[in-house]
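Just so it is clear, the values below take in all heavy atoms, side chains as well, and ignore hydrogens, waters and symmetry mates. A note on names: the letters A, B, ... follow the listed sequences, proteins ahead of strands, and every chain is numbered from 1. Keep in mind that what you see is a predicted model, and the values were worked out from it rather than measured.
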Protein chains: 2
Amino acid sequence: MVQKSVPKRGRPRAYDPDKALRNARDVFWERGFSGTSLDDIGAATGMNRPSLYAAFGGKHALYMKAFDTYRRTSRRMIDVVLAPDIPLSEGLQHFYAEALDTYVPKHGKARGCFMIATGVTEAAQDADVRKALGDALHDIEKALEVRFAAAKKAGEISASSNPRALAMMASAALYSMAIQSRTGVPRKALQAIADAAIETLCAGSNKSRTRITTP
Amino acid sequence: MVQKSVPKRGRPRAYDPDKALRNARDVFWERGFSGTSLDDIGAATGMNRPSLYAAFGGKHALYMKAFDTYRRTSRRMIDVVLAPDIPLSEGLQHFYAEALDTYVPKHGKARGCFMIATGVTEAAQDADVRKALGDALHDIEKALEVRFAAAKKAGEISASSNPRALAMMASAALYSMAIQSRTGVPRKALQAIADAAIETLCAGSNKSRTRITTP
DNA sequence: CGATTTTTGTACCATGTCGTATAAAATCCT
DNA sequence: AGGATTTTATACGACATGGTACAAAAATCG
């Protein structure tokens, strides 16, 4: 996961870099970039300041690494649930179900989307964050557009439909869930957003009407 | 606007409370709550620390006042553009056009929605922000739902349409514009989101197809 | 074992931050 | 003018913050 390999000589690391990065990410996720101190991260990872520095290179670099990890994980999930051999509406149901589980974990408090919850605020002042967030959202929308275009070609949705517009709406619904989950809106109401999106965007395609929930 | 009146005696204020509140709001808007220091606010308002304190009562209280002001302004705008005597699709065009002008001012850099850009991050840790943001978003969605319900009753949209679902999608499009504007997405692409929403949600009602842009 | 290498842990520094104490300034009232 | 009242301006205090220096610790290699 993390490229830095363990050296042959010298004192061994007292931490697991991947685990530490996840824990640091969780702190940023909860408190935001500006709201998180290196002491918070030290406490969450069990690492002292110089180790944090050697491993990740300062607060900003650490945040960007956490951002990138989250982005990659999201991307992998999307590629799985939007595979073109899964029916469109079923794929979208999985898409939103996976997102919902991330935004409102079964155990633990609601946290929303890491990128939206922490990146949007910083984007105005931090060019790195602005670019990373912009690229990440663009990727999501593009993946949806590709899927809708395939669905159009396959006759899953109307031949007159506009894949780009549908992707915009589908991603918008995701962002709405990301935002509202963090305000304490209950799972059921968030699920209703997903349902509304699927109902609105897959008007024709009703090969699968079963509600998908994770076990 | 601000309830605190000028007293009859004593040294007169050197600042205009409403103007100061707007300037403070703009700093929070740009840097977020945690990313803003009282020195930043002092510089932006021209007020020194004790005056800020006396006028607004500390950083958090000042932020909440700014939030409330923004929320009220948004609410007024929404009530105007979604008045039931304006055709639905025209009203929505105004709705998104107004939002766009707020998110990407004609002069000055893109900033998105104050509530989403600054509130989502803090919502996880700050119960006041969480409630204010949740209430504000709920208000927006409710106003849209009421308008869609009226449109349904008036035959502007299909009798089988679901006003609540339509409101969810319409608000989601707004939030998407709010987020993406802050990542630097150009006006044209943001307008495309609005167009996609209107196209998707007002499928039947095409009394007005003219693009609305502010002068 | 002793030299080498890498990480750890403590302490530290310079700066930033929130909030307040206190005295001077500017107005009104009599 | 003189007292009363309110705001301003400076300064400050206690603490938090990001980042670093440095010696001790723990491993490998010869």
Side-chain angles (χ1 to χ4, degrees), chain A residues 2-21 23-25 27-28 30-67 118 121-122 125-126 128-129, chain B residues 2-21 23-25 27-28 30-67 118 121-122 125-126 128-129:
Chain A
V2 161
Q3 63 280 35
K4 183 169 268 182
S5 55
V6 9
K8 293 203 190 312
R9 308 232 305 220
R11 181 170 174 171
R13 287 201 193 93
Y15 58 91
D16 171 19
D18 291 318
K19 192 170 178 181
L21 183 54
N23 288 343
R25 178 207 59 186
V27 180
F28 281 130
E30 168 78 13
R31 311 169 102 88
F33 176 76
S34 295
T36 298
S37 74
L38 286 185
D39 283 346
D40 293 332
I41 293 171
T45 58
M47 295 167 70
N48 46 37
R49 213 79 66 92
S51 295
L52 276 172
Y53 230 80
F56 305 112
K59 187 183 174 185
H60 188 262
L62 173 53
Y63 173 79
M64 293 310 295
K65 281 195 171 63
F67 193 104
T118 70
T121 303
E122 305 300 324
Q125 290 245 297
D126 185 325
D128 295 331
V129 172
Chain B
V2 161
Q3 64 279 33
K4 184 169 270 182
S5 54
V6 291
K8 293 204 190 311
R9 309 231 306 217
R11 181 170 174 171
R13 287 202 193 93
Y15 58 90
D16 171 21
D18 291 318
K19 193 171 178 178
L21 183 54
N23 289 343
R25 178 207 59 186
V27 181
F28 281 130
E30 168 77 12
R31 310 169 105 87
F33 176 76
S34 295
T36 299
S37 73
L38 287 184
D39 283 347
D40 294 332
I41 294 171
T45 59
M47 295 168 67
N48 46 37
R49 210 82 62 99
S51 295
L52 276 172
Y53 248 82
F56 305 112
K59 187 182 175 186
H60 189 262
L62 173 54
Y63 174 78
M64 294 310 295
K65 281 196 170 63
F67 194 105
T118 70
T121 302
E122 304 300 325
Q125 289 245 296
D126 186 324
D128 294 331
V129 172

Discussion item. Between P on dG19(C) and CG on D39(B), what's the gap in Å once rounded to a whole number?
Written reply: 12 Å
Worksheet item: How long is the line joining CZ of R31(A) and C1' of dA16(D), in whole Å?
Response: 13 Å
Fill in: Flag side-chain contact, heavy atom, 4.5 Å: M47(B) against F56(B)
yes
Worksheet item: Hey, is the side chain of N48(B) poking within less than 4.0 Å of OP1 or OP2 on dT8(D), counting only N and O atoms?
Response: no
Fill in: Any side-chain heavy-atom pair of L62(A) and L21(A) under 4.5 Å
yes
Worksheet item: What closest approach, in Å, do F33(B) and H60(B) show between heavy atoms, and which atom pair accounts for it?
Response: CE1-CA, 3.9 Å
Worksheet item: Taking only N and O in the side chain of S37(B), is any of them less than 4.0 Å away from OP1 or OP2 of dT17(C)?
Response: yes
Practice prompt. Give T36(B) one of three labels, base, sugar-phosphate or nothing, depending on what nucleic acid heavy atoms sit under 4.0 Å from its own.
Written response: sugar-phosphate
Discussion item. Rounding to an integer number of Å, can you tell me how far L52(A) CG sits from dT17(D) C1'?
Written reply: 14 Å
Give me, pair by pair, the N or O atoms of the protein and of nucleotides 26-30 of chain C that are less than 3.5 Å apart, along with how far apart they are.
unit_1  : atom_1 : unit_2 : atom_2 : d
dA26(C) : N3     : R11(B) : N      : 3.4
dT27(C) : O2     : G10(B) : N      : 3.3
dC29(C) : O4'    : R9(B)  : NH1    : 3.0

Worksheet item: Taking atom types as they are modelled, is there a donor-acceptor pair under 3.5 Å from the base of dG9(C) to the side chain of R49(A)?
Response: no
Item to complete: May I ask you to test the T45(B)-K19(B) pair for a side-chain heavy-atom distance under 4.5 Å?
Response: no
Worksheet item: Counting only side-chain N and O atoms of S51(A), is one of them less than 4.0 Å from OP1 or OP2 of dT8(C)?
Response: yes
Fill in: Whole-Å gap separating C1' (dG19(D)) and OH (Y63(A))
21 Å
Worksheet entry | Integer-rounded Å distance: dA16(D) P and L38(B) CG | 17 Å
Discussion item. Within this structure, what is the CG-OH distance for the pair D126(B) and Y63(B), rounded to the nearest 0.5 Å?
Written reply: 8.0 Å
Fill in: Min side-chain heavy-atom separation T118(A)-R31(A) under 4.5 Å
no
Item to complete: Send over the distance from I41(A) CD1 to dG19(D) P, rounded to a whole Å.
Response: 10 Å
Discussion item. Are the side chains of K59(B) and F28(B) in contact, using a 4.5 Å heavy-atom criterion?
Written reply: yes
Practice prompt. Between G35(A) and Y53(A), name the one whose nearest nucleotide on DNA chain D is closer to the 5' end.
Written response: G35(A)
Practice prompt. Take the protein atom CE of M47(A) and the nucleotide atom P of dT8(C), then report the distance between them rounded to whole Å.
Written response: 7 Å
Item to complete: Starting at atom NZ of K59(A), determine the distance to atom P of dA16(D), rounded to an integer number of angstrom.
Response: 15 Å
